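What follows is a set of notes on a single structure, which appears directly below.
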Amino acid sequence: MNFELDMAQCLLRDNLDNFLARQYRFEARRQIVLGEPGWQPTLWRRFADELGLLGAGLPEQAGGSGGGAIEHMLVMEAFGKALVVEPYLECCVLAAGVLARSPGDAATALLARIAEGSAIVVPAWSEPVGGVATQARRTPDGWQLDGRKAVAVAAPWATHLIVSAQVEGTTGTSLFVVPRQAQGLALQSYPTIDGRRAADLECAGLALTAEALLGTAGASQALLEQMLDEGAAAVCAEALGVMARLHADTLAYVCERRQFGQAIAGFQVIQHRLVAMHLKIELARAATVFASLSLSKTARERALAVSTAKVTVAEACRFVAQNAVQLHGGMGMTDELPLGSYFKRATAIEREFGDVDHHLRRHARLERVAA
Amino acid sequence: MNFELDMAQCLLRDNLDNFLARQYRFEARRQIVLGEPGWQPTLWRRFADELGLLGAGLPEQAGGSGGGAIEHMLVMEAFGKALVVEPYLECCVLAAGVLARSPGDAATALLARIAEGSAIVVPAWSEPVGGVATQARRTPDGWQLDGRKAVAVAAPWATHLIVSAQVEGTTGTSLFVVPRQAQGLALQSYPTIDGRRAADLECAGLALTAEALLGTAGASQALLEQMLDEGAAAVCAEALGVMARLHADTLAYVCERRQFGQAIAGFQVIQHRLVAMHLKIELARAATVFASLSLSKTARERALAVSTAKVTVAEACRFVAQNAVQLHGGMGMTDELPLGSYFKRATAIEREFGDVDHHLRRHARLERVAA
Amino acid sequence: MSDEVFTRDLCSWLDANLPASLCTAMPEDEIPWGGSRGRFPNPDTRRWMDAMAARGWTAPTWPRMYGGGGLDATRAAILQQELRRRGARPALFSFGLWMLGPVLLEYGSEAQKQRFLPPIVRGEARWCQGYSEPDAGSDLASLRTKAVDAGDHWRVDGRKIWTSYADEADWIFCLVRTDTGRKHGGISFLLIDMKSPGISTRPIRLISGSSPFCETFFDDVAVPKEHLVGPLNGGWEIARKLLQYERQNVAAAGFGGELKRIEARARQLFGIDAQGRIADAALRERIAHADMYEYATRLTMQRAQREVDAGQASSASSVVKYAAAHANQQHYELMIETLGYEGLGWQGAPYETESLEQTRKWLRSKGNSIEGGTSEINLNVIARRVLGLPGGA
Amino acid sequence: MSDEVFTRDLCSWLDANLPASLCTAMPEDEIPWGGSRGRFPNPDTRRWMDAMAARGWTAPTWPRMYGGGGLDATRAAILQQELRRRGARPALFSFGLWMLGPVLLEYGSEAQKQRFLPPIVRGEARWCQGYSEPDAGSDLASLRTKAVDAGDHWRVDGRKIWTSYADEADWIFCLVRTDTGRKHGGISFLLIDMKSPGISTRPIRLISGSSPFCETFFDDVAVPKEHLVGPLNGGWEIARKLLQYERQNVAAAGFGGELKRIEARARQLFGIDAQGRIADAALRERIAHADMYEYATRLTMQRAQREVDAGQASSASSVVKYAAAHANQQHYELMIETLGYEGLGWQGAPYETESLEQTRKWLRSKGNSIEGGTSEINLNVIARRVLGLPGGA
C-alpha cells in the first residue's frame with residue numbers, strides 16, 4: 001500500500017473542511033434536519049459552483065475533475081466530521097459510479113448534470129424481502145416497471161432514481177434511470193434514525209422510454225456489486241470523520257468535567273477507554289484507506305478489502321460511539337449535544353451496506369488468508 | 001432455586017478444606033505430579049478412611065453417605081482450590097454415577113469398593129474421531145471388544161475402566177466394565193497439559209465375561225449423556241475453586257507488588273480488572289449451583305442448566321486465568337508460582353466436557369427462552 | 001387468625017375485588033402512578049388501587065397506623081404469591097412507596113410519618129427524587145442546591161437534574177446543602193411541595209426521544225422548617241441508604257426477558273433451517289449466549305436476594321446492577337440486529353409502531369450503565385467495599 | 001557506480017554466494033545468532049553469514065569504517081528487495097545489530113565504535129540486554145543494580161531478569177545505577193563482558209516450558225571505566241530510545257501469519273460443508289474475523305512505518321505493539337481451539353510434535369501483552385503522549 005495525497009487532493013480536503021466549518025454549523029444543521037425539505041438545495045449548488053465538489057470524483061468528459069476513490073474518501077470523511085446530510089454518497093459516489101461505467105450519451109449527459117449540481121440521482125436497489133422482485137417488461141414505447149423498493153436513502157430529494165429490476169426473460173439484474181416525476185412512481189418518505197430522509201418506492205405500471213435501461217438487460221449484477229462496495233468504502237470514510245468528532249468531543253468533555261475535585265480525564269480507567277477508542281479508530285483508518293485503494297482491483301480483492309474495512313469500521317463505530325455516550329454520563333444521553341446525532345449516524349453506518357455478519361460471511365466465503 | 005447447605009454438608013466442606021490445607025501443599029504436589037505414578041494412592045485411602053469422602057455422594061446401600069450432586073459440588077470446589085489431581089471426578093462422580101444407575105449385584109459391589117477406596121473406576125468414552133466405533137461382539141463366554149479410546153483421564157491409575165462400545169446388531173451405546181489387567185487391553189499413558197495423567201486405550205480381542213455389560217445392550221446412551229452432564233457440572237464446581245485461588249493470589253500480588261512508588265493495587269485499571277474477574281466468578285457460581293441442583297431434573301432442564309453453567313464458567317475461566325497471568329506481569333509467565341498450574345487447569349476445564357461452542361450449540365438447539 | 005384463614009379470606013377478597021382486566025400485561029400508559037394528576041384510562045385500574053389501598057396492601061408491611069397492611073413477612077409473601085398466581089398488575093407504582101417510605105419509617109418524626117405516609121399508601125401523593133445536579137453526578141456529595149435558614153422556614157435555591165416525573169409529582173424529596181464548610185457532613189434531607197412558588201421544571205429530551213426526566217429549578221423557594229427529615233446535616237447517611245435501594249431497583253427494573261420476541265423476529269428476518277431453528281447459525285448462538293448471560297445474572301440476583309433476606313451482607317448484590325445493565329444493553333443490541341431495515345426508522349409509516357418502540361428502547365438502554373451510578377463508579381465501589389482495595393477516586 | 005550497476009553486481013554476487021539451502025523456511029535451531037558459542041547445524045548458514053559480513057551487508061547502512069556496508073537508503077532497499085525476492089534467510093540475528101549498534105553509533109565514543117561494532121557485524125560477539133530487575137519492571141527507572149566507582153574500574157552488584165540468551169551471550173549492555181540520589185537521573189549505560197568473574201546466569205522456566213530468558217547475577221563484578229556509554233548518569237535517555245526500538249521489534253516479531261494452518265486443522269477437525277468450507281459456521285467466521293484484525297493491524301504497521309520513514313511522528317506506531325499482541329493472542333486462541341484433543345497434550349506420544357509445539361506457543365503468547373512493556377503501561381503511554389491526557393502513574 002503506497003499512499004500519498006497529491007496537492008490537488010490536499011487542497012480539496014482543506015477547502016472543504018474550511019467551508020463546512022463556516023457554513024455547516026451544528027445548530028443550523030439541526031434545524032434544517034428537523035424541518036422541510038430536510039436538506040439545503042442551495043448549499044448543494046455551492047458545493048458544485050464554489051468548491052467543484054460534485055465532480056471531484058467524476059471523469060473529465062462529464063465535466064468532473066477526473067478523480068476517483070481517494071477524492072470520494074476525502075469528501076466523505078469531511079462530511080462525516082460535519083455530519084453533512086446532503087446526498088454526496090448516494091448521488092456522486094453510487095449513482096455517478098454506475099453512470100460512469102454505463103455506455104451511451106444519456107448516461108454521460110446525466111453525469112454532467114450531476115457534476116454541475118442540476119441533477120440529484122439516487123439509487124434504489126433494496127427490496128422489502130431481499131433479492132430483486134421488481135419486474136421490467138418491454139413495451140412498444142420502452143419499458144414498464146412494477147414492484148417495490150425499500151429504504152432508498154435521499155430518494156425524497158432526487159430528480160432521478162436508478163432502480164434495479166429483473167427484465168422479463170433474463171435472470172440477471174438490470175438498472176433503469178427513472179425520472180422522479182414519472183407516472184406510476186409513488187414515494188412514501190420518512191426520516192431515518194440518523195436524521196436523514198429515505199423513501200419506500202412503489203412502481204405500478206411505471207412507463208419508461210427505451211433509453212432508460214443502463215447497459216444490457218440482465219447484465220448489471222457486477223455493476224451493482226461494485227456500487228455496493230464503493231458505497232461501503234465511502235461510509236467507512238465517513239465513519240472516520242464521525243468517530244474523530246466523537247473522540248475529540250469526548251476528550252474535551254472529560255478534560256472539562258470535574259468530579260471528586262479533579263477533571264475526570266485524570267482517572268486511569270477513563271484514559272484507557274479513550275486510548276482504546278483511539279486504537280480502534282487507527283485500525284479503522286488503515287483498513288479504510290486500503291479498501292479505497294482496492295476499489296479498482298479485481299472483484300475478489302476489492303471484496304476482501306472492503307469487507308475487512310467494513311467490519312473493522314463497524315466494530316470501531318460501535319465501541320467509539322457507545323463509549324462516547326458512556327463517558328459523557330447523563331449528558332451523553334440527552335439530545336442537547338451534537339454527540340447524540342453523531343452517535344446515531346455511527347450506529348446507522350454500522351448497518352449500512354452490510355453489517356458485520358454479512359461481511360464476515362462474505363469474507364469467510366472468499367477465504368483469503370493473510371499473506 | 002432454594003439452596004442452603006445442611007450441617008453434614010458444611011462439615012464435609014470444612015473438614016476437607018482443613019485436610020487439604022495441611023496435607024496437600026502446593027510444593028509437595030508439584031513434586032508428586034512431576035514424578036511417578038503422578039498421584040498419591042495412600043492419600044486416596046485416607047480420603048476414604050479419615051474423611052469418608054469417596055462415598056460422600058454415593059447411595060447408602062453401597063456404603064456411601066447417601067449424598068449427591070451437592071456433595072460432589074462441595075468436594076470438587078475444594079479440590080479445585082487445592083488443585084488436587086486424585087481422580088474423584090472420574091471415579092466417584094462419573095463412574096460411580098453410572099454404576100449407581102446400573103442394575104445388578106456386580107455394579108453395586110464395585111460401587112462399594114469405590115466408596116471404601118479399593119477400586120479406582122474410570123470411564124473411557126471418547127474416541128479419536130468422535131462417535132462410538134468400538135465394537136462389542138457376543139462370544140460363548142461373554143463379550144469381545146475391539147477399538148480405540150482417546151484421552152481417558154486418570155486411566156493410568158485405574159483398577160477398572162468403563163468403556164463405551166457398540167454391540168453388534170444394536171444402534172445405541174453400551175457400557176462395559178473392563179478390569180485394568182484384562183488381556184487385550186493396552187494403555188498408552190501420558191501427562192496432560194494440566195499435570196494430570198491420561199491414556200489412549202487400545203482394545204484388541206479384549207475378552208470379557210457376560211456380567212461386564214452394564215444394563216441392557218444398546219440402551220446406555222441416556223446414561224452416558226447424564227454422566228457427561230454430571231461431569232460438566234463437577235468441573236464447573238472445580239473451576240470455582242480454581243478461580244477463587246487465582247483471584248486471591250492476584251489480589252495479594254497486586255497489593256504487595258510496588259511500582260512507581262506505590263502498590264499497583266492502587267491503580268484504577270488494575271482495580272477494575274480485579275472487579276471484573278470477581279463479577280465473572282459470581283455469575284459462574286450462581287450458574288454452577290443451579291446446574292448442580294438441576295442434575296436430577298428432566299434431561300432437557302438438566303441440559304439447559306448445565307450448558308448455561310459450562311459456558312458461563314468457561315468464559316469466566318478464560319478471563320480470570322488470563323488476567324491473573326497478566327496482572328502478575330513477568331512473574332505470571334514463569335513456572336515458579338502456583339499460578340501457572342492453576343492457569344493450566346483453568347484452561348483445561350474450559351474445554352473438558354464440551355467447550356463453549358459445543359454448549360452454545362446444544363443450548364440453541366434446545367431453545368429455551370428465559371422465563 | 002391462622003395463616004390458612006388469612007389465605008382463604010385473601011382469596012375470596014381477590015375473587016371479589018381484582019378486576020379481570022388487570023390480569024393482563026400492563027401498557028405504559030396504564031401504569032398506576034397515582035398522585036393528584038393521576039390518569040386512569042381504564043377505570044378498573046383506579047378501582048383496584050383504591051381497593052388495595054383501603055386494606056393497606058399497597059404497602060403490605062408498613063404499620064397499620066400509617067395506612068399500611070401491618071402484615072408480617074409470611075403473610076406479605078402469601079399476598080405476593082396469590083397476586084402473582086393471578087397475574088395481577090401492581091396496584092400502585094410509586095417512588096414514595098419504594099424509596100421515601102422506608103426512609104420516613106426509619107428517620108422521620110412521628111408527625112412526618114402521620115402526615116406523609118398515608119397519602120403514599122393511598123396513591124394520593126406522588127413523589128419524585130431530587131438528588132443529582134448538573135455538576136454533581138457521580139460525585140453526588142458535591143451538590144450545591146442550598147437551603148438557608150430563614151428563621152421560620154428554609155429558603156431553597158438551586159437546580160436538580162434527572163428528576164424523573166418531576167412535572168407530574170406532588171412532592172419532591174431532596175438533598176440540599178445546609179453547610180458549605182463540610183462536604184458530606186453539610187447535606188440535609190428535605191421534603192418540598194412541588195406547588196411551592198419558585199419551583200419550575202423542564203423536561204429533558206434524550207437521544208431516544210422524550211423521557212420522564214426533568215430538570216427542576218428552585219428559585220427562592222420557602223419550605224417549612226418541619227419538613228427536614230433526620231438531623232440537620234445528617235442527610236448523607238439517608239442518601240446512601242436510598243441510593244443502595246435505588247441501585248437494586250434500577251437493576252431489577254426493565255431487565256431483559258424479551259428473547260422470545262427476538263427469536264421470533266430472527267426467524268422472520270433470516271428464515272428457518274430444516275430443524276425449524278433460526279437459519280443464521282451465528283445469530284442463533286448469539287441469542288443462546290445472551291440468554292445464558294441473562295439467566296446467570298438472574299440467578300445471581302436471586303442469590304443476592306436470598307442472602308439479603310437471610311440478613312447476610314451479600315457480595316453478589318453489588319454485581320447485580322452492573323451485570324443487569326450489561327445484559328439489558330446486549331439484549332437490545334440483539335433486538336436491533338434482528339430488526340434489520342425496520343431498525344433504521346425514527347417515526348411514522350412505513351415503520352411498525354413496535355419496531356420504532358424497540359429502536360427507541362435500544363437507544364434508551366445505553367443509559368443503563370449510567371443511571372443510578374455509572375458502571376465505572378459501581379466498579380470503584382466494588383473494588384473498595386467487596387475486594388477491600390485501597391481507595392482512590 | 002549507478003544503482004543499476006549496483007543491482008547487477010549484487011545479483012551476480014548473490015547467485016554465487018547465496019546457498020540454495022538457505023532459501024527455505026528457517027527452523028528454530030538454525031537461527032544464526034553467531035557469537036563465540038554460535039552453533040551452525042547447517043554449515044551453509046555459517047558460510048552465508050561470513051560472506052554477507054565480509055561485504056558489511058549484515059549491517060548494510062552502518063559506515064564502512066566500522067565494518068558496515070555503507071549503503072544509502074536506496075541501495076539498502078535494493079539489497080532487501082533482492083534478498084526477499086530470493087527468499088533468503090537473514091544472514092545474522094543479533095541484539096547487537098538491532099539494539100546496541102544504533103546506540104553506539106549515536107552515543108558511543110570513537111574508541112567504543114571501533115572496538116565493538118565490527119565484531120557485531122561479523123557475528124563474532126553475541127550481545128544480550130540487561131534492563132529489567134525483579135523489582136523494576138514496568139517502573140524500569142527504579143532499577144537498583146549498582147555500579148560503584150572503584151577508582152580505575154566500576155564495581156557492579158545486582159540482579160537482572162528477563163535477560164534473553166544471557167547464558168549464550170559474550171557481552172551484556174546494562175542499565176546500572178550510578179547515583180542513588182536521583183531516580184531517572186542516576187542511571188548509566190554500561191557494557192559488560194559476560195566472562196567477567198562474578199557473573200552467573202540461571203535460566204527461567206515459563207508456563208510454556210523452557211525459555212531463552214535468564215536471571216543474571218552480578219556479584220562484585222569489575223568493569224573497565226571505558227565501558228561506560230554516553231555521559232555518566234545519562235543512561236535513561238539511551239534506554240528510552242532503545243525501549244522504543246524494542247517495542248517495535250517485539251510487535252513485528254512472531255506476529256500471526258499462520259491462519260492457513262488453523263484453517264487446515266479446522267477442516268480436519270470439523271469437516272467441510274458442501275461448498276468445501278469449514279463446516280462449523282461460527283468457527284469459520286471467527287477465523288475470518290481474526291484474519292481481518294491481523295490484516296488491519298498489519299496495514300496500521302505499514303502506515304506507521306511509512307510515517308516514520310518519512311520522518312514524521314507517527315501516532316499509529318504506538319498502536320502497533322498493543323494491537324499486535326492482541327492479534328497474536330487471539331490467533332493462538334483459535335489455534336488451540338482447532339487442536340481439539342491434541343491441545344490437551346504436554347509431551348510425548350501419542351501427541352504430534354507440531355501440536356505440542358502449538359500448545360506451547362499458545363501458552364507463550366500470553367506473555368505478548370507483558371514483555372517489552374505491558375499493555376497497561378503501553379496504554380498509559382499513549383494516553384499521555386498521543387492524547388495529551390494528564391499524567392498519573
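Every chain is numbered from 1 and lettered A, B, ... according to where its sequence line falls, protein lines coming before strand lines. The basis for the numbers below is simple: all heavy atoms, side chains too, and nothing from hydrogens, waters or symmetry mates. Small disclaimer: the values here were computed from a predicted structure and weren't measured.
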Apply side-chain contact (heavy atoms from CB on, under 4.5 Å) to residues C:W346 and A:I193 and explain how you reach the verdict. CA-CA 5 Å; C:W346 186 239; A:I193 186 171; 3.9 Å; yes
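Heavy atoms of C:L356 lying under 4.5 Å from chain A are absent altogether. Heavy atoms of C:A141 lying under 4.5 Å from chain A are absent altogether. Of the two parts of A:R196, neither the backbone nor the side chain holds a non-hydrogen atom closer than 4.5 Å to a non-hydrogen atom of chain C. Using a 4.5 Å cut-off between heavy atoms, A:V151 contacts chain C through its side chain alone, with no backbone atom that close. Contacts between C:F213 and chain A at a heavy-atom distance below 4.5 Å are absent for every atom of the residue. Of the two parts of C:E337, only the side chain, counted from C-beta on, holds a non-hydrogen atom closer than 4.5 Å to a non-hydrogen atom of chain A.
Checked by atom type, the side-chain pair A:Q322/C:Q329 shows no donor-acceptor distance below 3.5 Å. A donor atom on one side chain and an acceptor atom on the other are not found under 3.5 Å apart for C:T374 and A:Q326.
Closest of all the heavy-atom pairs between C:L363 and A:K344 is CD1-CE, 4.0 Å. The shortest non-hydrogen separation linking A:Y190 to C:P350 is CD2-CD, 3.1 Å. C:D135 and A:Q259 get closest at one heavy-atom pair: O-NE2, 2.9 Å.
Legend: residues meeting side-chain hydrogen bond (donor to acceptor under 3.5 Å, both in side chains) with A:D249, ordered by chain and number and at least two apart, are A:R245. Among residues two or more places apart in sequence or in another chain, the side-chain hydrogen bond (donor to acceptor under 3.5 Å, both in side chains) test is passed with A:Q31 by none.
Taking CD1 from A:I264 and OG from C:S138, the interatomic distance works out to 7.5 Å, rounded to the nearest 0.5 Å. Atom CG of A:D355 sits about 12.0 Å away from atom CD1 of C:I336, to the nearest 0.5 Å. One finds the OG atom of C:S369 at 8.5 Å from the CE atom of A:M333 (value rounded to the nearest 0.5 Å). If you take NZ on C:K366 and CZ on A:F343, they are separated by 5.5 Å, rounding to the nearest 0.5 Å.
No side-chain heavy atom of C:N380 sits less than 4.5 Å from a side-chain heavy atom of A:V269. Side chains of C:R205 and A:E336 form no contact here, defined as non-hydrogen atoms less than 4.5 Å apart. Side-chain contact check for A:L339 versus C:I207: every heavy-atom pair is 4.5 Å or farther apart. Residues A:F260 and C:I377 meet the side-chain proximity criterion, which asks for heavy atoms closer than 4.5 Å.
Electrostatic pairing of A:D357 and C:R286 counts as a salt bridge here, judged by a charged N lying under 4.0 Å from a carboxylate O.
By number of non-hydrogen pairs under 4.5 angstrom with chain C, the leading residue of A:A348, A:G329, A:G261 is A:G329. Taking chain C as the reference chain and counting heavy-atom pairs below 4.5 Å, the highest number among A:E352, A:R318, A:M331 is found for A:R318. Options A:R273, A:H328, A:R258 differ in how many heavy-atom pairs under 4.5 Å they form with chain C, and the most are formed by A:R273. Highest contact tally toward chain A, considering only C:G137, C:G348, C:S142, is held by C:G137 [criterion: heavy-atom pairs under 4.5 Å]. Of the listed residues (C:L206, C:T359, C:D139, C:L344), the one with the most heavy-atom contacts under 4.5 Å to chain A is C:D139. For the set C:R364, C:R360, C:E333, the entry with the most heavy-atom pairs within less than 4.5 Å of chain A is C:E333. Chain C forms more heavy-atom pairs under 4.5 Å with one residue of A:P128, A:P191, A:S189, A:A198 than with any other, namely A:P191.
The 12-atom threshold is exceeded at CZ of A:R180, counting heavy atoms of other residues, nucleotides or ligands nearer than 6.0 Å. The number of heavy-atom neighbours closer than 6.0 Å to CZ of C:R202, taken from other residues, nucleotides and ligands shown, is above 12.
Cation-pi check for A:R351 over C:W362 is met; the charged atom lies under 6.0 angstrom from the ring centroid and within 45 degrees of its normal.
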